[in-house]
Amino acid sequence: MNLWGIGNEGEKLPELIRDFEKENPDVHVKVTSIPWTSAHDKFQTAIAAGTGPDLAQLGSTWMADFANGLATVPKNLDMSDLAKGAVESGKVAKRQVGVPWYVETRVIYYRTDIAKKAGWDHAPGNWDELRAMAKDMQKQEGVKYGIWLVPTGQDSFLASLPFAFSQGAELTNADGSKWTIDTPEMKKAITYTSNFFKDKIANVNADVSPGADMAAFAAGTTPMKLDGPTSIGQIEQIGGPDMKSKFTTAPLPKGEKGNISFSGGCGMIVFKTSKNKEAAWKLIRWLSKPEVQAKWYKISTDLPASQKAWDDPVLKNDDKLAAFSTQLKSMKATPSVTTWQQVGSAGDKIIEQINRGAVSVDEGLSKLQSAADAAGMGK
């Protein structure tokens, strides 16, 4: 049986798969690792030619792109233990094609040492507190900006969605037949985030190259940010031995409708052309087990989609992971439509224009709505 893994996960998967093969000696799994940079094209080519593997790791935002080539998840595959938002990300046109494997979301990171000097002994609980805390931290010696928000470039629109979702914004209407981006809820969210740049609490000209935000955080020049779980270890490595005790994480501060982050990560899928579907689903069921997901975290630091996996001492006793455990209960998937990448890319350009003050929030959202309408739902 053939399995495609992507990037870092593809390189580390064989270590985990050995345990499955020991439990199932009649099944041999060949893992092929594919770079993220070429994965989308490779999947597209394989589905068109009918030459795909039996199963594969697939990014949650790509599910709709390849849904026509994917098998439907069996109804007797129990996903009740898997994070609800992640399960939704594997559903395309009401058909479940992906099973959550690991999850990705955003929480608040902040420097506790700098926060203490600024008079803060707790995480910001709402949007007013987030802005106030950022401003207070910015006044401390050595601090240039109070918070690092994604100002420009790839995924800057995606980075704004936790604020939009927390304000009650919906990117599509109830039946998924129409984009609904230019709304009062979205306007409130983007006005709030863009004002951080307008008021110079966040740097609109910030270096957006990989790792630059973490370097600024570790240096203390920008002591607060939104980020995913892999940054914990990277920040500790950049900041040196004492950094571990100088920062913490917390769930997102609340907007009018709660604190809802976006659901990212990867799922496992089976190709329609697979000649080993039974074995492939058997492997996916095994990968969904809490104890297996906990072990995968220890190998990869990818967050488990399984809620029971969080009872493992390694996850449960890590105070910086506690925020992610809480946040995973409150997250939302981006629309599972083939035009999401197109709309997201248009959003990146327009969010940059808004953040730089080149267009107003009203004008920018109107332009984005027009771009989304032109792209359609792609179904």
Side-chain angles (χ1 to χ4, degrees), residues 5-12 33-40 59-61 102-115 134 137-138 140 142-163 193 196-197 200-250 252 261-262 264-266 297-303 318 320-321 323-324 327 344-345 348-349 351-352 355-356:
I6 309 177
N8 188 50
E9 284 80 17
E11 295 171 6
K12 294 183 176 182
S33 180
I34 304 167
W36 274 105
T37 51
S38 59
H40 195 278
S60 60
T61 59
Y102 71 83
V103 289
E104 169 75 83
T105 196
R106 294 289 182 270
V107 300
I108 288 286
Y109 282 64
Y110 69 95
R111 288 284 299 266
T112 49
D113 55 341
I114 297 173
M137 293 173 79
Q138 190 174 17
Q140 305 310 303
V143 178
K144 294 180 180 179
Y145 295 95
I147 188 169
W148 199 95
L149 297 174
V150 184
T152 61
Q154 187 175 1
D155 291 338
S156 52
F157 178 55
L158 184 68
S160 72
L161 291 184
F163 295 96
T193 56
F196 278 94
F197 299 107
K200 295 183 169 52
I201 303 169
N203 183 9
V204 75
N205 296 310
D207 183 353
V208 295
S209 60
D213 57 330
M214 287 181 280
F217 183 87
T221 55
T222 310
M224 188 156 56
K225 65 199 296 290
L226 274 68
D227 215 335
T230 57
S231 291
I232 295 173
Q234 291 173 289
I235 289 169
E236 290 174 355
Q237 185 176 14
I238 293 169
D242 298 332
M243 181 52 59
K244 190 171 185 177
S245 64
K246 292 181 179 179
F247 76 100
T248 193
T249 60
L252 296 180
S261 193
F262 64 77
C266 280
Y297 169 77
K298 295 165 193 173
I299 294 171
S300 67
T301 69
D302 290 331
L303 295 183
D318 189 324
K320 289 187 178 67
L321 288 179
F324 288 97
Q327 194 64 62
S345 180
D348 290 344
K349 295 182 178 68
I351 287 294
E352 176 174 357
N355 289 342
R356 291 193 181 282

Between [X] and [Y], which heavy-atom pair has the shortest distance, and what is it?
{"X": "Ala323", "Y": "Val107", "result": "O-CG1, 3.9 Å"}
{"X": "Gly220", "Y": "Val143", "result": "O-CG2, 3.4 Å"}
{"X": "Trp36", "Y": "Cys266", "result": "CH2-SG, 3.7 Å"}
{"X": "Glu104", "Y": "Gly265", "result": "CB-N, 3.5 Å"}
{"X": "Gly146", "Y": "Pro223", "result": "O-CD, 4.0 Å"}
{"X": "Phe324", "Y": "Gly228", "result": "CZ-C, 3.5 Å"}

Quick check: does any side chain N or O of [X] sit under 3.5 Å from a backbone N or O of [Y], one acting as donor and the other as acceptor?
{"X": "Tyr145", "Y": "Met224", "result": "no"}
{"X": "Ser156", "Y": "Val150", "result": "no"}
{"X": "Thr105", "Y": "Phe262", "result": "yes"}
{"X": "Asn355", "Y": "Val204", "result": "no"}
{"X": "Thr301", "Y": "Thr230", "result": "no"}
{"X": "Gln138", "Y": "Lys144", "result": "yes"}
{"X": "Gln154", "Y": "Asp348", "result": "no"}

Next on the checklist: Assess the residue pair Lys320 and Asp318 against the criterion (salt bridge (charged side-chain N to carboxylate O under 4.0 Å, His left out)); give the C-alpha distance rounded to whole Å, side-chain angles, the decisive distance to 0.1 Å, and a yes or no.
Outcome noted: CA-CA 6 Å; Lys320 289 187 178 67; Asp318 189 324; over 6 Å; no
When rounded to the nearest 0.5 angstrom, what is the spacing between [atom1] in [X] and [atom2] in [Y]?
{"X": "Ser345", "Y": "Leu158", "atom1": "OG", "atom2": "CG", "answer": "12.5 Å"}
{"X": "Lys246", "Y": "Glu236", "atom1": "NZ", "atom2": "CD", "answer": "12.5 Å"}
{"X": "Thr152", "Y": "Ile351", "atom1": "OG1", "atom2": "CD1", "answer": "11.5 Å"}
{"X": "Met214", "Y": "Gln237", "atom1": "CE", "atom2": "CD", "answer": "10.0 Å"}
{"X": "Asp113", "Y": "Gln140", "atom1": "CG", "atom2": "CD", "answer": "10.5 Å"}
{"X": "Thr221", "Y": "Trp148", "atom1": "OG1", "atom2": "CH2", "answer": "12.0 Å"}

Checklist entry - Which pairs count as ring-ring contact (aromatic ring centres under 6.0 Å, His included) when at least one residue sits in residues 213-250, sequence neighbours excluded? => result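 Listed once each, the pairs are Phe217-Phe247.
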Checklist entry - Asp213: what forms a salt bridge (charged side-chain N to carboxylate O under 4.0 Å, His left out) with it, not counting sequence neighbours? => result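 Result, salt bridge (charged side-chain N to carboxylate O under 4.0 Å, His left out) vs Asp213: Lys225.
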Item to check | Candidate pair Ile232 and Leu321, rule side-chain contact (heavy atoms from CB on, under 4.5 Å), full reasoning | outcome: CA-CA 9 Å; Ile232 295 173; Leu321 288 179; 3.9 Å; yes
Item to check | Audit row: Phe163, Leu226, side-chain contact (heavy atoms from CB on, under 4.5 Å) steps and yes/no | outcome: CA-CA 11 Å; Phe163 295 96; Leu226 274 68; 3.8 Å; yes
Item to check | Stepwise side-chain contact (heavy atoms from CB on, under 4.5 Å) test for Leu303 and Tyr102 | outcome: CA-CA 5 Å; Leu303 295 183; Tyr102 71 83; 5.8 Å; no
Checklist entry - Quick one: side-chain contact (heavy atoms from CB on, under 4.5 Å) partners of Asn205, sequence neighbours excluded? => result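 Asn205: side-chain contact (heavy atoms from CB on, under 4.5 Å) contacts with Asn203, Arg356.
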